[in-house]
Amino acid sequence: NTENNNNSNNKNNNNSNNTENNTNNEQQEKEPQPEKVGTIVKTEDAKGIFKVTDTDSKMPEVSYKGTKKQATVSIPETITDANNIVYKVTSIAKNAFKGDTKVKTVVISNTIKTIGANAFKNCKNLKTVAVGNKVAVIENEAFYNCKKLKKIVIPKKVVKIGKRAFYNCKNLKTITIHTTKLTSKNVGKNALKGLHKNVVIKVPKSKLKAYKKLFKSRGVSAKSVISK
């Protein structure tokens with residue numbers, strides 16, 4: 001009898017363990033997963049269109065593709081989808097605001113690393129852009145022909161300013177540059193051509209001489225002031 005009872009208990013334990021394992025497996029199967037790369041994410045917590053760019057990181061990543069035309073836009077650091085999965089917003093997509101004549105102010109969050117090509121091209125009423133401190137790449141023609149833009153800060157992490165990035169920003173009078181990583185290899189042709197003729201460019205002390213030569217070769221006028 002004792003042996004039979006032991007066998008019965010073992011069976012019960014095994015059944016219990018199997019049930020528990022099945023429940024755990026079901027929960028794992030039902031656990032929501034990030035959308036696939038290339039998918040447009042729908043979200044209620046942030047205005048805008050977001051596209052999945054990476055699901056291999058600790059937190060999946062999306063690119064900001066634009067929004068309904070409005071005067072002031074704040075690009076968020078993260079968004080949450082319908083399944084409560086949180087995505088980090090790490091780039092502004094190519095052509096995101098291209099030709100948007102309504103936008104006047106843009107705040108770029110501190111998770112953004114790349115401002116895509118043509119992102120703000122021909123945003124003729126864009127006056128103010130607050131650039132997040134993680135931005136590393138400003139692609140070709142990103143701010144092309146933003147005629148009302150008056151000032152811009154280039155953060156420490158920037159390692160590329162593409163061709164014609166600020167071309168014909170004719171009212172751009174103040175540029176503050178914190179990065180020391182700019183060279184003739186990573187600042188594109190005519191990147192700074194067509195700015196206000198008396199533009200003042202503040203640069204790191206250690207790069208004053210090099211940046212004077214570099215920026216003038218990229219279109220800055222002879223009347224400009226480049227200082228530390």
Looking only at side chains, do Lys104 and Asn125 share a donor and an acceptor under 3.5 Å apart? no
Under a plain distance cut-off of 3.5 Å, with no hydrogens placed, do Ser91 and Thr114 share a side-chain donor-acceptor pair? no
Under 4.5 Å between side-chain heavy atoms, counting indirect links through other Ile/Leu/Val/Met/Phe/Trp/Tyr residues: same cluster for Ile115 and Ile49 or not? no
Under 4.5 Å between side-chain heavy atoms, counting indirect links through other Ile/Leu/Val/Met/Phe/Trp/Tyr residues: same cluster for Val137 and Val135 or not? no
Under the 3.5 angstrom rule, does the side chain of [X] hit a backbone N or O of [Y] as a donor-acceptor pair?
| X | Y | answer |
| --- | --- | --- |
| Asn186 | Val159 | yes |
| Asn110 | Asn133 | yes |
| Ser227 | Lys202 | no |
| Thr43 | Thr80 | yes |
| Arg218 | Lys163 | no |
| Asp81 | Asn84 | yes |

Any heavy-atom pair between the side chains of [Y] and [X] that's under 4.5 Å?
| X | Y | answer |
| --- | --- | --- |
| Ile177 | Lys207 | no |
| Val129 | Ile152 | yes |
| Val106 | Thr128 | no |
| Val200 | Ile175 | no |
| Val37 | Thr55 | yes |
| Val62 | Thr90 | no |
| Val73 | Thr105 | no |
| Leu126 | Lys148 | no |

Are any of the side-chain nitrogens in Glu139 or Lys160 under 4.0 Å away from the carboxylate oxygens of its partner? yes
Determine, for Glu141 against Arg164, whether the closest basic-nitrogen to carboxylate-oxygen distance falls under 4.0 angstrom. yes
Nearest atoms (heavy-atom pairs only) where [X] meets [Y]:
| X | Y | answer |
| --- | --- | --- |
| Lys170 | Lys147 | CE-CD, 4.1 Å |
| Lys69 | Gly99 | NZ-O, 4.3 Å |
| Ala119 | Ala93 | CB-O, 4.0 Å |
| Ser109 | Glu77 | CB-CG, 3.5 Å |
| Ala142 | Gly116 | CB-O, 3.8 Å |
| Leu172 | Phe166 | CD2-CD2, 4.1 Å |

Could you tell me whether Lys181 atom NZ has more than 12 heavy atoms of other residues or ligands within 6.0 Å of it? yes
More than 12 heavy atoms of other groups within 6.0 Å of Lys216 NZ: yes
Which is it for Ile138 and Ile154 under the side chain to side chain contact (heavy atoms under 4.5 Å, CB included) test, yes or no, and what are the steps along the way? CA-CA 9 Å; Ile138 301 171; Ile154 308 296; 4.0 Å; yes
Taking the six-membered ring for Trp, are Phe50 and Tyr64 ring centroids under 6.0 Å apart? yes
[atom2] on [Y] to [atom1] on [X], rounded to 0.5 Å:
| X | Y | atom1 | atom2 | value |
| --- | --- | --- | --- | --- |
| Lys102 | Cys123 | NZ | SG | 13.5 Å |
| Thr53 | Lys88 | OG1 | NZ | 11.0 Å |
| Ser221 | His196 | OG | NE2 | 9.0 Å |
| Lys212 | Ser224 | NZ | OG | 9.0 Å |
| Ile201 | Leu208 | CD1 | CG | 11.0 Å |
| Asp54 | Ser63 | CG | OG | 12.0 Å |

When you measure from the centre of the six-membered ring of Tyr167, is the NZ or CZ of Lys193 closer than 6.0 Å and no more than 45° off the axis? no
Residue of the set [options] for which side chain to side chain contact (heavy atoms under 4.5 Å, CB included) holds with [X]:
| X | options | value |
| --- | --- | --- |
| Ile79 | Val86, Val89, Ile85 | Val89 |
| Tyr144 | Asn122, Asn168, Asn118 | Asn122 |
| Phe120 | Leu149, Asp100, Ile92 | Ile92 |

Test log, rule side chain to side chain contact (heavy atoms under 4.5 Å, CB included), inputs Lys94 and Lys65: CA-CA 8 Å; Lys94 179 180 179 180; Lys65 288 182 62 64; over 6 Å; no
Go through the steps for Thr174 and Val199 under the test side chain to side chain contact (heavy atoms under 4.5 Å, CB included), then give the verdict. CA-CA 6 Å; Thr174 304; Val199 62; over 6 Å; no
